[in-house]
Protein chains: 2
Amino acid sequence: MRSPEELTVAFRSAGLKVTPQRQLLFRLLHDNSSHPTADSLHSAATAVMPGISLRTVYQTLTDLTQMGELQSIEVGSGSLRFDPNVSDHHHAVCDGCGDVHDVYITKAPVLRGLDDFSVSDAHIVYRGQCGACSALVATK
Amino acid sequence: MRSPEELTVAFRSAGLKVTPQRQLLFRLLHDNSSHPTADSLHSAATAVMPGISLRTVYQTLTDLTQMGELQSIEVGSGSLRFDPNVSDHHHAVCDGCGDVHDVYITKAPVLRGLDDFSVSDAHIVYRGQCGACSALVATK
DNA sequence: TAACAATTAACAATCATTGCTAATTAGCAT
DNA sequence: ATGCTAATTAGCAATGATTGTTAATTGTTA
Ligand SMILES: [Mn+2]
Ligand SMILES: [Mn+2]
Ligand SMILES: [Zn+2]
Ligand SMILES: [Zn+2]
């Protein structure tokens, strides 16, 4: 996702107005690697701008996704998560704390059993324990 | 997933009764590689046994999943899909028809950026076009 | 055959998400 | 600077998949 400043230009070019709500979301999302949900973003936004509606958060997330600035991922946590990192990568979900980490694959997995299928995209969801959660279990 | 006959024994051993509804679902699921949803199973079941309730289908799917006879997978189609193939495999989803195919990986993908994370499971969802859908586009 | 598990109908409830309306506010092109 | 119009908001309703609940009925199996 581009910087708040670049998004300001991009939104205006797209005929979308740059409101304080949208600017706040630009800032909250920029360089955000926590893979937030709409709801967690709404909470973070409310702390700064009380009164911002969940509806507006959803709307802006949809806009950003359609503009290719965000990707939405589904890792089995029940709700969509939004990722300003639109590069080609995968995700690891901690079964302990639920945190989602970025994963980069060195080699594309070679497959078998897919004779007649042209793959355009692959997404891997790893599950396991993050470092912090492993440490917790060890000290218990 | 084991055969209907074996499941009959397993259910009785688990203190669960073997009803016609459950037997029908055993049969509909055995060797079923279509990755059906609860709803599609209910439709198929209704064709054979009118009156079978969706609630019973859900309940039996939950039982089978808890017994390890089924796995449930989430491939982004909105609803859970159930898979009697509980071996270690992955899935390819056709963006044209929505069909879900099994995928077997020859080599485990090597990762980068996951220093402090112990992976217990990985699931890959491929997206693309199946043979039939590719052919359709070609003839249009 | 009796105990009790399962099924069913008929709902309600959940949760994430989207839709809708009307009133109000405010961005920004000219 | 102003007006057109988009955006926001409150306040709902609706969706769709899934789970919960109750009570009446049926069916399984020890
Ligand atoms: Mn990511
Ligand atoms: Mn499968
Ligand atoms: Zn963790
Ligand atoms: Zn297809």
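Note on naming: letters A, B, ... go to the chains in the order of the sequence lines (proteins, then strands), and numbering restarts at 1 for each one.
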Participant: Mind checking what makes salt bridge (Lys or Arg N to Asp or Glu O under 4.0 Å) contact with B/D95, not counting sequence neighbours?
Facilitator: B/R127
Participant: If the test is side chain to side chain contact (heavy atoms under 4.5 Å, CB included), which one of A/V57, A/V48, A/L41 qualifies with A/L24?
Facilitator: A/V48
Participant: Does a side-chain N or O from A/Q21 land closer than 4.0 Å to OP1 or OP2 of C/dA26, or not?
Facilitator: no
Participant: Can you list everything that forms a side-chain contact (heavy atoms from CB on, under 4.5 Å) with B/A44? Sequence neighbours excluded, please.
Facilitator: B/L28
Participant: Can you tell me how far P of D/dA7 sits from CE of A/M49, to the nearest Å?
Facilitator: 16 Å
Participant: Quick one: bend of the helix from C/dT1-D/dA30 to C/dT30-D/dA1 from 5 pairs per end, to 10°?
Facilitator: 40°
Participant: For B/D116, what residues pass the side-chain contact (heavy atoms from CB on, under 4.5 Å) criterion, not counting sequence neighbours?
Facilitator: none
Participant: Rounded to whole angstrom units, what separation is found between the CG atom of A/L41 and the P atom of C/dA16?
Facilitator: 14 Å
Participant: Going 5' to 3' through nucleotides 16-30 of chain D, assign each nucleotide B (protein heavy atom under 4.0 Å from a base atom), S (under 4.0 Å only from sugar-phosphate atoms) or - (no protein heavy atom that close).
Facilitator: -SSBBB-----BBS-
Participant: What residues form a side-chain contact (heavy atoms from CB on, under 4.5 Å) with A/S13, not counting sequence neighbours?
Facilitator: A/V9
Participant: Got a sec, which pairs hit ring pair (Phe, Tyr, Trp, His ring centres under 6.0 Å) with one end in residues 16-71 of chain A, sequence neighbours left out?
Facilitator: A/F11-A/F26, A/H35-A/H91
Participant: How close or far is atom P of D/dA6 from atom CZ of A/F11, stated in whole angstroms?
Facilitator: 15 Å
Participant: For B/R81, give me all partners under salt bridge (Lys or Arg N to Asp or Glu O under 4.0 Å), at least two apart in sequence or on another chain.
Facilitator: none
Participant: If I take atom CZ in residue A/R22 and atom P in nucleotide C/dT25, what distance separates them, rounded to the nearest angstrom?
Facilitator: 19 Å
Participant: Can you give the donor-acceptor pairs under 3.5 Å from side chains of residues 68-78 of chain B to other protein atoms, not counting sequence neighbours?
Facilitator:
unit_1: B/E69; atom_1: OE1; unit_2: B/R2; atom_2: N; d: 3.0
unit_1: B/E69; atom_1: OE2; unit_2: B/R2; atom_2: NE; d: 2.8
unit_1: B/E69; atom_1: OE2; unit_2: B/R2; atom_2: NH2; d: 2.7
unit_1: B/E74; atom_1: OE2; unit_2: B/G76; atom_2: N; d: 3.1
unit_1: B/S77; atom_1: OG; unit_2: B/S79; atom_2: O; d: 3.4

Participant: Could you give the CG-to-P distance, from A/L61 to C/dT18, as a whole number of Å?
Facilitator: 9 Å
